[in-house]
Engineer: 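Structure below; questions to follow.
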There are 2 protein chains.
Amino acid sequence: MSSISLENITNCPVTATMSVIGGKWKILIIHLINNDINRFGKMSMMLKDISKQMLTTQLRELENDGIILRKIYAEIPPKVEYFLTDKGKALLPVTEAMRDWGNAFVLNEAKAVEA
Amino acid sequence: MSSISLENITNCPVTATMSVIGGKWKILIIHLINNDINRFGKMSMMLKDISKQMLTTQLRELENDGIILRKIYAEIPPKVEYFLTDKGKALLPVTEAMRDWGNAFVLNEAKAVEA
DNA sequence: AGTAATGGTCTGTTTTATCTGACTATATCA
DNA sequence: TGATATAGTCAGATAAAACAGACCATTACT
């Protein structure tokens with residue numbers, strides 16, 4: 001099941017997943033979209049340290065990997081919304097596990113120190 | 001619960017988690033240790049594209065963040081083993097979710113193409 | 001004496017990631 | 001006419017990540 005092939009790590013499913021959603025931004029973008037922050041401008045504001053170019057790149061890669069869907073409205077000024085595909089929604093257990101861990105081991109600790 | 005603070009993404013637990021286990025290697029290292037590949041040499045072989053220096057750096061950071069424990073045996077040649085702490089074990093839901101997704105959406109797809 | 005084994009460290013270099021700022025298109029409103 | 005809004009694109013610069021290869025210590029074995 002979860003065992004690692006000693007011969008060939010390229011068959012490791014964790015490695016495979018990392019190659020798709022690894023990097024600084026993708027997990028956060030998926031998390032944002034799942035929380036209805038699904039327009040370019042909003043995302044750009046939330047991820048305050050991301051450049052527009054990088055955001056575009058990440059969104060395109062997620063789209064090409066079938067994780068998000070890009071819906072263009074025929075309006076001026078342009079309106080584009082991003083949605084998770086089923087394949088993308090299947091990643092939510094990952095973000096949820098991260099959310100839980102962050103709450104338990106990082107944010108609560110910080111609060112404890114504050115108090 | 002899982003909602004995002006629009007004002008301040010630094011309070012986002014997913015972001016917090018990413019800041020600890022983000023990067024190319026840490027998730028994989030945690031996964032390896034959990035599969036009893038817990039010595040420097042073994043890890044180095046499994047992560048075939050990692051340099052020794054990078055592996056050292058990642059292990060030290062994980063240790064400093066309380067995610068792994070470094071056990072030194074008084075032997076020659078040196079023997080060191082790494083273990084997950086409770087805080088580290090609490091991250092296993094993340095690697096498990098990644099493993100499941102990788103199996104479902106990457107490795108199986110590859111097999112389907114092969115067949 | 002010479003070699004192997006383990007878990008590193010150190011310096012220098014390359015590769016990759018990411019940012020900055022200017023620029024584009026078009027309809028609407030003042 | 002000029003500003004505003006949105007979702008980008010593009011070239012060039014810079015910062016961060018990561019690697020390569022030499023080197024170290026100690027003991028056992030040949």
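Here is the naming used below: chain letters follow the sequence lines, and residue numbers restart at 1 for every chain. Computed over heavy atoms, backbone and side chain alike; hydrogens, waters and symmetry mates excluded.
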Engineer: For Pro77(A) and for Lys52(A), locate the closest nucleotide of DNA chain C by heavy-atom distance; then report the residue assigned to the nucleotide nearer the 5' terminus.
Structural biologist: Lys52(A)
Engineer: Asn38(B) CG to dG7(C) C1': how many Å, rounded?
Structural biologist: 14 Å
Engineer: What nucleotide among dT18(C), dT26(D), dG8(D) has an atom nearest to a side-chain atom of Lys24(A)?
Structural biologist: dT18(C)
Engineer: Is a donor-acceptor contact shorter than 3.5 angstrom present between the side chain of Gln53(B) and the base of dT11(C)?
Structural biologist: yes
Engineer: Assess Lys87(B) against Phe105(A): is NZ or CZ under 6.0 Å from the centre of the six-membered ring, and within 45 degrees of the ring's axis?
Structural biologist: no
Engineer: Let me know, please, whether Leu55(B) or Leu59(A) comes out on the 5' side of the other along DNA chain D by nearest nucleotide.
Structural biologist: Leu59(A)
Engineer: Taking atom C1' of dT18(C) as reference, at what distance in whole Å does atom NZ of Lys26(A) sit?
Structural biologist: 14 Å
Engineer: Kindly point out which of dA7(D), dC19(D), dG8(C) is positioned nearest to the side chain of Arg60(B)?
Structural biologist: dG8(C)
Engineer: Over how many whole Å does the gap from Ile76(A) atom CD1 to dG8(D) atom P extend?
Structural biologist: 13 Å
Engineer: In terms of side-chain heavy atoms of Met54(B), which of dG8(D), dA18(D), dT6(C) is nearest?
Structural biologist: dA18(D)
Engineer: Is it true that Ile37(A) and Ile72(A) fall in one hydrophobic cluster, defined by side-chain heavy atoms closer than 4.5 Å?
Structural biologist: yes
Engineer: Would you say Thr57(A) places a side-chain N or O within less than 4.0 Å of OP1 or OP2 belonging to dT18(C)?
Structural biologist: no
Engineer: Could you please name the option among dC19(D), dT18(C), dA27(C) that lies closest to any side-chain atom of Trp25(A)?
Structural biologist: dT18(C)
Engineer: Could you tell me which non-hydrogen atom of Thr95(A) sits nearest to which non-hydrogen atom of Val14(B), and how far apart they are?
Structural biologist: O-CG2, 3.8 Å
Engineer: Distance check needed: dA7(D) P versus Tyr73(A) OH, whole Å only.
Structural biologist: 11 Å
Engineer: Quick one: Lys48(A) NZ to dT18(C) C1', roughly how many Å, whole number?
Structural biologist: 16 Å
Engineer: Please name the pair of heavy atoms, one in Leu47(A) and one in Leu55(A), separated by the smallest distance, quoted to 0.1 Å.
Structural biologist: CD1-CD1, 4.4 Å
Engineer: Under 4.0 Å between a side-chain nitrogen and a carboxylate oxygen: does that hold for Lys26(A) and Glu61(A)?
Structural biologist: yes
Engineer: It should be established whether Arg39(B) places a side-chain nitrogen or oxygen under 4.0 Å from OP1 or OP2 of nucleotide dT6(C).
Structural biologist: no
Engineer: Would you kindly give the CZ-to-P distance between Phe40(A) and dT24(C), to the nearest whole Å?
Structural biologist: 18 Å
Engineer: Tell me: CZ of Arg70(A) to C1' of dA7(D), nearest whole Å?
Structural biologist: 8 Å
Engineer: Is Tyr82(B) touching bases, backbone alone, or none of the nucleic acid, heavy atoms closer than 4.0 Å?
Structural biologist: sugar-phosphate
Engineer: In whole Å, I'd like the distance from the CE atom of Met43(A) to the P atom of dA7(D).
Structural biologist: 9 Å
Engineer: Check every strand shown and say whether Ile50(A) touches a base, only sugar-phosphate, or nothing at a heavy-atom separation below 4.0 Å.
Structural biologist: sugar-phosphate
